[in-house]
Amino acid sequence: MTGFAAALYENLPFPVLIVDAGACVVSHNEAAARAFGWNRDGRRPDAAAVIDGANPATLLARHAAEGRENAHAFAFRHENGSLFEATAHVIPLPDEADGAARYALLLRSLLSGGSHGEQVLLGQRIAAALDTMTEGFAIFDPAERLVMFNRSYKERCAGARDAVRVGATMESIVRANIRAGMYPGIEEGTPGAEALVRERLEKHRDAGGGGAVFEFGKGRWIRGESHVAETGDIVAMRIDISELKRTEAALEEKRREYLSLLQILPDMILRFDRNLTVRFANDKYAAHMGSTTDALIGRYLPEVACAPEQTAVLMDIAAYTRDAPVKTLEICIDHEGQPMWMLWTAVAIFDGDGVSEVVSVGRDITEAKRQQQRVEAQTNELRRKNEALDQFTATVSHDLKAPLRHLSMFAEMISEDVHRGEFAELPAYADHVRKSSARMRRIIDSLLEFSQIAYRIAAPKPVSLSGVVGDALALLEGHVEETGGRVEVEPLPEIMGDPELLKRLAQNLIGNALKYRRPDKAPPSAFMQGSGPMGSTLSWRTTGSASIRSMSDAFSKFSRGFTATRLSIRAPASGSHWRGGSSRVTTAS
Amino acid sequence: MGGSARKLIVVDDDPVDVRFVMRAFSDAGSPIEITHAADAEAASDRLDAEAFDYILLDINMPGVSGMELLKRLRGQPRTAVTPVIMLSSSSNTADVSRAYENGANAYAVKPSTLSGYREFAEGFTRFWVDVAVAP
């Protein structure tokens, strides 16, 4: 070695080793001494090979033959016995006099084992910096041999970490990971394992293909990316996306729950954008429209809207404002021949350009509507009954007051006449007192009878009104003849009720028509009519004069004994008495 | 007030009550001539045929009620301004209000004593016969 060469050799910042064919150190420079720790305490390199491996001689000879411009990865043995990995140029030296082969090893970069000291190489510093990354980082040469990797790349392999070393092939690392169970559900030696190896290698080679996401270790997910360097090396990145994956899975779960909820809801749900393009429709809506959700998505809403004429207002995008983004609409449509009531609620969602989309929910409120109608009918019925009760109460009050007042008055008149010594009128007054008492007793008896009728109401049963009226006429036959009255009965319907009470009703109606008549008027006549089966109308008409009080009694008895049946009395004028006019019995439909 | 005797028609289906009224006016020494009509139809017939100075009208009657008759009377020129005094057993405020709404000039509940009837007759005479000026 010349003086210049020797100076250069000694002062190079890169470690340079001169080794023999067996990789034993023959000579080294100062930088190498620092890197390998040989100069401390005057220690010298061991006689053993400085390169780890089964056959370093072959390795050196092969790399030397490949040319000095290429750097190759080696595992070097440190003075303290540990191994560190570094790339080195292998330069064959001219044969020495003894004919033994010599190689100059110019170490270029440290690949691993940054713990060997920051003073060694720039590569070591880079390696140390890479070790701080949470992402796995590795460089494979074009032959897919591992050239460099950081700590995270190795540690991610967990049980297969020992397989991650310089010189190891990508395939060997994948297989080691399979063996270590890093790919859940993949057993070594199975077709699945081979397929996985092929897939991983394909992805590794597919640099710039966007990478691949795979489960790596229990519950951990990795996104692997490959990039090709100018040197032809493949830079492999391993990014842990487990958290992202878990978040994604949670979001997916929520999305499924949301969709599931939308599907199980009894409501119809429809989402459309500002152009009236359907973006979502649940199964309920699709079924109602005789379509499928997939077929509806993307369609122009007016073509697939529920009752488009009625719901046009909900499709008027311009009518939605930020102040009034909600619209509700009640519609009634014909559904399979039946009226169907629906309540549509539409909510507009806005973005910078105005309405971005509208979410509308349609609820079937048919049953609620029917309930409402039933309640209204019951309310009207209750109001009518209350009015009838008020009228009845007023009548009873009036009828009770009169005899009571008469009793008081005649008693006072008797007392007064006795005091005056006038006795001529006393028998007449006493007779009035008796009549008033009798009248009052009759009213009270009627009230008691009336109240007891309520307890007689049993389960209503079909009653032939014609038969009932016939029975009543048979009882009144003599009375009809006596008054010269005429009763015509046309065919009457069968209704639900109490036959005995209905008979009494007919008897009362006809009897009163005959009884309460004006002497100066024509003989009374009564007319009853009914047609059709249940749900038909029974009409009653008389030209006689009947006490509405009796009618009211009869009506009350009748209606109580005639559950689910309405009866109304229409007198020609309001008042407590009724003459002429007609009563009307309408059976419940 | 001089001149011919004033004429009052009592429209009431209860003859006993009418008897009380007539006795009360008699006891009160009222010069009023009293006619009885048992229902609205009879009253209408009588009023069509004859002029009366006052009408004493019951509410609860068979057929056409006193309230309905009152409305009819107010619709007819002959009886449009004739004083109509309602005399009913009803003290219901709704009946009272409806009577005034339909054009009644006064409303009284049927007394339950002789003295009550006499006071009614005396008051009636004092006001309607002695004080009030007919149109």
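Remember, it's a predicted structure, so these values are computed and weren't measured experimentally. The chains referred to below are lettered A, B, ... by the order of the sequence lines, with proteins before strands, and numbering in each begins at 1.
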Inset, instruction - Run the numbers on A/F410 and B/F20 for ring-ring contact (aromatic ring centres under 6.0 Å, His included), then give the verdict. - result: CA-CA 9 Å; A/F410 282 115; B/F20 294 149; 5.2 Å; yes

Legend entry - Residue selection (most heavy-atom pairs with chain A, distance under 4.5 Å) from B/G116, B/S88, B/S112: B/S112

Legend entry - Check ion pair A/K503-A/D471 (N to O, under 4.0 angstrom): no

Legend entry - Which portion of B/D95 sits near chain A, non-hydrogen atoms under 4.5 angstrom: neither

Legend entry - Polar side chain donor-acceptor pair, B/R6 to B/Y54, under 3.5 angstrom: yes

Legend entry - Heavy-atom contact with chain B under 4.5 Å, split by part of A/A411: neither

Inset, instruction - Please examine the side chains of B/Y117 and A/M409, heavy atoms only from C-beta on, and report whether any two atoms are closer than 4.5 Å. - result: yes

